[in-house]
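Read the numbers this way: they start at 1 and go in the same order the structure lists the ligands and their atoms. Position 1 is the first residue of the sequence, and the numbers go up from there.
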Amino acid sequence: MGTIKVLSEETIDKIAAGEVVERPASVVKELVENSIDSGATAVTVEIKEGGISFIRVTDNGSGIPKNQVKTAFLRHATSKIDDASDIPHISSLGFRGEALSSIAAVAQVELMTKTKEDLIGTRYIIEGAKEKEFCDIGIPGGTTMIVRNIFFNTPARRKFLKSAQTEGSYIEEICVHLAMARPDISIKFITGGQIKFQTSGRGDMKELIYRIYGKDTASEIIPIDVETKDISIKGYLGRPSLNRSTRNFENYFVNGRYVKSKLIATAVEEGYKEYLMQHKFPFFVIEINVASTSIDVNVHPTKMEVRFTNGEELATYIESAVSSTLRVHEMINQVPLYEEKEVKETIHSAPEPFESRRSETLYENTASNIPDSFGLSEEIKKVLGDVKSREAVPAEMPVHKNVIKAENTVIVNTAVQMEMFEDKILSKDAMEDYRIIGQVFETFWLIEYKDKLLMMDQHAAHEKVKYEALIKKLKEKTIDSQVLAPPIVVTLSPAEYQIYSNYKDRFKDLGFELEEFGGEEVAIREIPLDLYGCNAKELFLDILDELAEGKVRDVPEVVNDRIATMACKSAVKGNTVMTEEELMELLRQMLTLDNPYNCPHGRPTIITMTKTEMEKRFKRIVT
Ligand code: ADP
Ligand code: MG
């Protein structure tokens, strides 16, 4: 071992930088967050070579006063808090004062900044924590940060970077998230000289979704807008038809901050459960606002994680808000007609910040003017309907808003449900106007109703009816049991036994009859009748596992899955002749369901095709 000594500031900075600056995308995140914190209304991000050789972030925010420029680059220098007591109430994205010092430790940084009050701006160059230049420069208000050659002085770390293309895609993802989190700020992203996207800053999230994800996505989303005195959820939920096989399209923001939270993701997915097939994930963009004192964002320097003080409550609220929003919108799948033509829309380009020509006029035309030059094309207007300002969004779903606000969700939900069925396709009244055409392929039923042709999958529909009936019995605790002879004895670990003891009553409610044998042994004497045929021991242990993970639900997920399988097995199959009377009975049963439109596995039970669509297909009408 060598002699013990205190490391130099430079070395400390380099080591600390590793925490904050992992790759070019972390630099972009920190710089854009600084721009947002500075009150900017427009931010432009430009990168070259995936940000490895060049990153430039320009904003029209407050700027940094000349006499504070050097301080800003010191470690733990921040203008955002005075001491730790400010952290619980923090509303800015940053507060650790680590980003600029870390970036300057591992890259070549050029800063140009000017406040409104100052007549002249400042240019500061710092490379590998070494100051190179500090002088006056004539620029308009705001800040431009250029970061060149990341890790130029730490080759070992540079080697860990992926290809320029991959690094660039991480940056784009960060920019998308930042833009989504702040629809009120115009964000433009340029890579390799090409504008990838540009948001208007108008505050309309639907427009934002159009600009970032395109027309097909923007026309398949449903607004969500609910609040209590402690929590509000606003945004859009993708229709189940937009489902994906990764979680990459799950966007959620807490108090204006893009975060990663298993709690939130799982809660939304639970809300979607009835509508999605297994291993599929929804598209959604939601903003969640909670009191700043009920979250802790101080978990990790990159601040992507959050912890909630009332996590379980929040999760339950999110789940029910999502599922009732989806339910209110009729989820019948429409048969798509044609491949939609790709609509190319030209974004009015905002002039770029200088690099070679640092002229005043050019600068005046940049970030701050973007919203004005941002005309909405007719095509966008068609998809978006009337573009509403952020404040106007709540008006879109008044009924639903009341539903969630009311304490007694169950009762009000039923009311909404009734309303929905009143003038909808699956309703008592509608049924009187049905003209049943008949069964085809011994699997599907064709029904004419008003200007629509309904097509129903008899297996999916029956499966759904069976499934809901079982779930209802479970929820009402009226499930019958089946005696196991002989009983099955299970030996638990002390931890499992503890959980079992805590939740004895739940097992009873689920239709289990259990007997303690002393020690950690439990005998299963009876199991829920409708799950007879499942492996009883495995089911029991799976429920225990779920309870151990803290997931305490009305109907445990594993039971739910088993019920879905049972419903599937016992439902009338495809390729089975059914009479019209049997069909009518099935339809009547479907009317009693909350969501008759999807089977428990998320497949549709009914799809429709309108008369107009048929006419188009036969070219009777031309679009
Ligand atoms: P933090 O954001 O945690 O305060 P940073 O190292 O990111 O720490 O930035 C240090 C300080 O520099 C900030 O507190 C802020 O006062 C100033 N600053 C950084 N970027 C900008 C910007 N784009 N506009 C105005 N001020 C900025
Ligand atoms: Mg910062």
I need the atoms of ligand 1 closer than 4.0 Å to a non-hydrogen atom of S62, numbered in the order shown. 25 (C)
Is the closest heavy atom of G61 to ligand 1 under 4.0 Å? no
Please answer whether the main-chain N or O of I120 pairs with a side-chain N or O of D118 as donor and acceptor at a distance below 3.5 Å. no
Does E250 reach the side chain of P282, with side-chain heavy atoms less than 4.5 Å apart? yes
Pair E287 + K234, salt bridge at N-O below 4.0 Å: no
Below 30° counts as parallel, above 60° as perpendicular, anything between as tilted: where do the rings of F249 and F283 land? tilted
In ligand 1, the atoms that come under 4.0 Å of a heavy atom of A72 are 10 (C), 12 (O)
Residue T143 vicinity, atoms of ligand 1 by number, heavy atom under 4.0 Å: 22 (C), 23 (N), 24 (N)
I'd like to check whether T78 has a polar contact with ligand 1, where a contact means an N/O of the residue lying under 3.5 Å from an N/O of the ligand. yes
Using atom types as modelled and distance alone, determine if a side-chain donor or acceptor of N60 lies under 3.5 Å from a backbone N or O of A42. yes
Within T78, is some N, O or S atom less than 2.8 Å away from the Mg ion (ligand 2)? no
I'd like to check which ligand 1 atoms, numbered from 1 as shown, lie under 4.0 Å from a non-hydrogen atom of S38. 24 (N), 25 (C)
Any nitrogen or oxygen of N34, main chain or side chain, under 3.5 Å from a nitrogen or oxygen of ligand 1? yes
Side chain to side chain contact (heavy atoms under 4.5 Å, CB included) involving A548 - partner list, sequence neighbours excluded: I499
I'd like to know whether ligand 1 has K80 as a neighbour, heavy-atom separation below 4.0 Å. yes
Where the side chain of T154 meets the backbone of R157, is there a donor-acceptor pair that is under 3.5 Å apart? no
If the test is side chain to side chain contact (heavy atoms under 4.5 Å, CB included), which one of I126, V147, I55 qualifies with I103? V147
Examine distances only and state if a side-chain atom of S26 and a backbone atom of R23 form a donor-acceptor pair shorter than 3.5 Å. yes
May I ask you to check whether L100 has an N/O atom sitting below 3.5 Å from an N/O atom of ligand 1? yes
Consider every N or O of I64 and every N or O of ligand 1, then say whether any pair is closer than 3.5 Å. no
Please determine if G97 has a nitrogen or oxygen closer than 3.5 Å to a nitrogen or oxygen of ligand 1. yes
Is it the case that ligand 1 has an N or O less than 3.5 angstrom from some N or O of D59? yes
